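Report on the structure given below.
When a ligand or atom number is given, it counts from 1 through the structure's own listing order. Note that the structure is a prediction, hence the values are computed from the model and not measured.
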Amino acid sequence: MKNGAWGQVREELIKRVGKNNYATWIEPLRFTTLKDGVARFEVPTSFFGDWVQRNYSDQIRTHLVNAGEDVDRLEFAVASSTMERHVRPTSPAAKPARSRNDDDLPGAPLDARFTFDSFVVGKPNELAHAAARRVAEGGVATFNPLFLYGGVGLGKTHLMHAIAHELQTASPDLRVLYLSAEQFMYRFVQALRDKQIMDFKELFRSVDVLMVDDVQFIAGKDSTQEEFFHTFNALVDQNKQIVISADRAPGEIKDLEDRIKSRMQCGLVVDLHPTDYELRLGILQQKVEYYRQQYRGLKMGDGILEFLAHRITTNVRVLEGALTRLFAFASLVGREITLDLVQDCLADVLRTLDRKLTIEEIQRKVAEHYSVRLSDLVGPRRQRNIARPRQVAMYLSKTLTSRSLPEIGRRFGGRDHTTIMHGVKRIEELSATDAQLADDLQLLRRSLQN
Ligand code: ADP
Ligand code: MG
């Protein structure tokens with residue numbers, strides 16, 4: 001094989017299989033020889049070899065052939081010299097995604113699977129999707145920045161990558177830079193260290209579109225925030241599109257400078273809501289198509305997807321993980337996917353989801369959220385700054401657990417059940433008109449249910 005051909009194919013494979021699969025299954029492969037149409041690789045274990053043979057050898061072979069190599073089949077052998085363990089690399093050696101013209105952009109790799117095509121739209125993410133689509137059309141920024149926020153695994157990164165793909169495909173010359181806030185900080189610190197801060201500034205100010213993922217990361221990191229703020233302003237002044245994501249609304253990010261918060265709020269702030277049943281089912285139906293291709297011949301009984309969509313309500317990543325495991329397990333044991341098999345295979349996932357939320361947990365979270373003492377929350381004080389959080393905790397206890405009003409009353413310092421009922425009602429009424437309170441409730445609900 002020509003020198004570098006395998007290297008080139010590996011890079012193609014990142015796009016095909018995604019970076020996690022790449023890091024787990026492709027990166028550890030050591031190409032050894034190609035002779036008489038047989039490409040040989042060393043693998044860490046035989047299980048590993050079998051798995052790659054079964055799941056990736058077609059793709060690897062196809063790519064090798066496309067790269068002009070004469071390959072009929074692949075063989076995987078355990079490295080004889082070493083009893084090397086299969087160590088999962090912490091970061092895949094993926095090359096930054098960028099257009100051919102701007103090799104200098106220090107972006108993060110884009111996941112080829114995160115496209116608009118593969119994004120399932122439902123009520124909870126409708127607006128985020130529409131806004132992302134609008135940004136992906138390019139042209140003059142209609143809102144700047146686009147600020148996407150929501151809990152883990154709800155599709156923020158997916159949407160950002162989709163925007164980048166779309167823009168880059170439509171205009172390969174456009175300088176689109178996607179990176180995480182952590183990487184932004186890392187670059188910044190590196191530039192400071194190497195005394196290249198002018199280059200850093202110039203680089204970040206020269207992009208057409210800047211996307212910074214998980215911006216909550218820079219909270220509390222003062223000089224990084226400062227630099228981010230200036231970069232942000234410089235780009236907005238030039239009317240360059242900015243897309244930001246975070247795990248919560250700008251105003252909710254602790255230790256983020258006020259001027260940054262208010263800048264973030266100048267554009268369009270969009271919330272990705274927790275998934276609902278229809279969306280989860282839609283996502284599963286879409287993903288299952290992919291697995292049907294991968295594991296041809298594997299049978300799946302009726303009602304499985306519905307069952308998963310009902311039971312796994314946390315986030316899409318967990319949902320996907322469950323499906324991956326299910327198919328891998330079923331193919332390994334050679335069984336049809338039935339509800340029994342689901343129970344066997346996903347016992348641990350389903351069990352942790354059954355975990356009952358306790359009133360104590362709710363009280364602790366609420367106390368923390370409003371910075372009041374837990375003892376005050378359940379105690380007798382009537383000041384409004386304590387009474388309101390207390391009612392919030394009552395309301396959440398009533399709506400998120402199956403405890404009765406008298407039981408809840410007991411946990412709130414022995415209050416009467418009518419007091420609890422009153423508190424719950426009060427919060428219900430208020431949250432209909434008080435946007436701040438409605439936000440608080442949503443945030444609390446989200447963090448309690450994760
Ligand atoms: P976040 O960045 O919000 O934590 P991600 O964008 O990383 O979440 O999404 C987690 C996983 O769930 C990804 O594999 C993504 O493709 C998938 N996912 C999330 N939302 C959707 C959706 N609406 N349609 C299809 N896949 C989704
Ligand atoms: Mg993300």
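Distance check for Thr157 against the Mg ion (ligand 2): an N/O/S atom falls below 2.8 Å.
Proximity of Lys287 to ligand 1 is established by a heavy-atom distance of less than 4.0 Å. Taking 4.0 Å as the cut-off, Ser118 counts as a neighbour of ligand 1 on heavy-atom distance.
Atom-to-atom distance recorded for Arg248:CZ and Gln442:CD is 13.0 Å, nearest 0.5 angstrom.
Protein heavy atom at the shortest distance from atom 6 (O) of ligand 1 is His158 N, 2.7 Å. Nearest to atom 27 (C) of ligand 1 among the protein's heavy atoms is Val316 CG1, 3.7 Å. The nearest heavy-atom contact from the protein to atom 23 (N) of ligand 1 is Val120 O, 2.8 Å. The shortest contact between atom 14 (O) of ligand 1 and any protein heavy atom is with Glu320 OE1, 2.8 Å. From the protein, the heavy atom lying nearest to atom 7 (O) of ligand 1 is Arg317 NH2, 2.8 Å.
Taking the ring axis of Phe229 as reference, the NZ or CZ atom of Arg259 stays within 45° of it and closer than 6.0 Å to the ring centre.
Across the listed options Ala162, Ser180, Gly155, Gly155 owns the non-hydrogen atom lying nearest to atom 9 (O) of ligand 1.
Geometrically, ligand 1 and Gly153 share a nitrogen or oxygen pair separated by less than 3.5 Å. In terms of polar-atom proximity, Leu154 is counted as a contact of ligand 1, with an N or O under 3.5 Å from an N or O of the ligand.
Other residues, nucleotides and ligands contribute more than 12 heavy atoms inside 6.0 Å of the CZ atom of Arg263.
With Phe116 as reference, His129 is the one residue of His158, His129, His165 to meet the ring pair (Phe, Tyr, Trp, His ring centres under 6.0 Å) rule. Residue Glu227 is tested with Lys221, Arg205, Arg187 for a salt bridge (charged side-chain N to carboxylate O under 4.0 Å, His left out); the sole match is Arg205.
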Evaluate salt bridge (Lys or Arg N to Asp or Glu O under 4.0 Å) for Arg292 paired with Glu289, printing each intermediate quantity in order. CA-CA 5 Å; Arg292 289 226 165 91; Glu289 279 315 309; 3.5 Å; yes
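The ligand atoms of ligand 1 that sit less than 4.0 angstrom from a heavy atom of Val152 are 4 (O). Close approach to Asn125 involves these atoms of ligand 1, each under 4.0 Å from a residue heavy atom: 23 (N). For ligand 1, the atoms lying closer than 4.0 Å to a non-hydrogen atom of Ile283 are 21 (C), 22 (C), 23 (N), 24 (N).
Taking the six-membered ring for Trp and the full ring otherwise, the centers of Tyr22 and Tyr56 sit at least 6.0 Å from each other. The aromatic ring centroids of Phe204 and Phe184 lie less than 6.0 Å from each other.
Between Glu137 and Arg134, at least one side-chain N (NZ, or NE/NH1/NH2) sits under 4.0 Å from a carboxylate O, which counts as a salt bridge.
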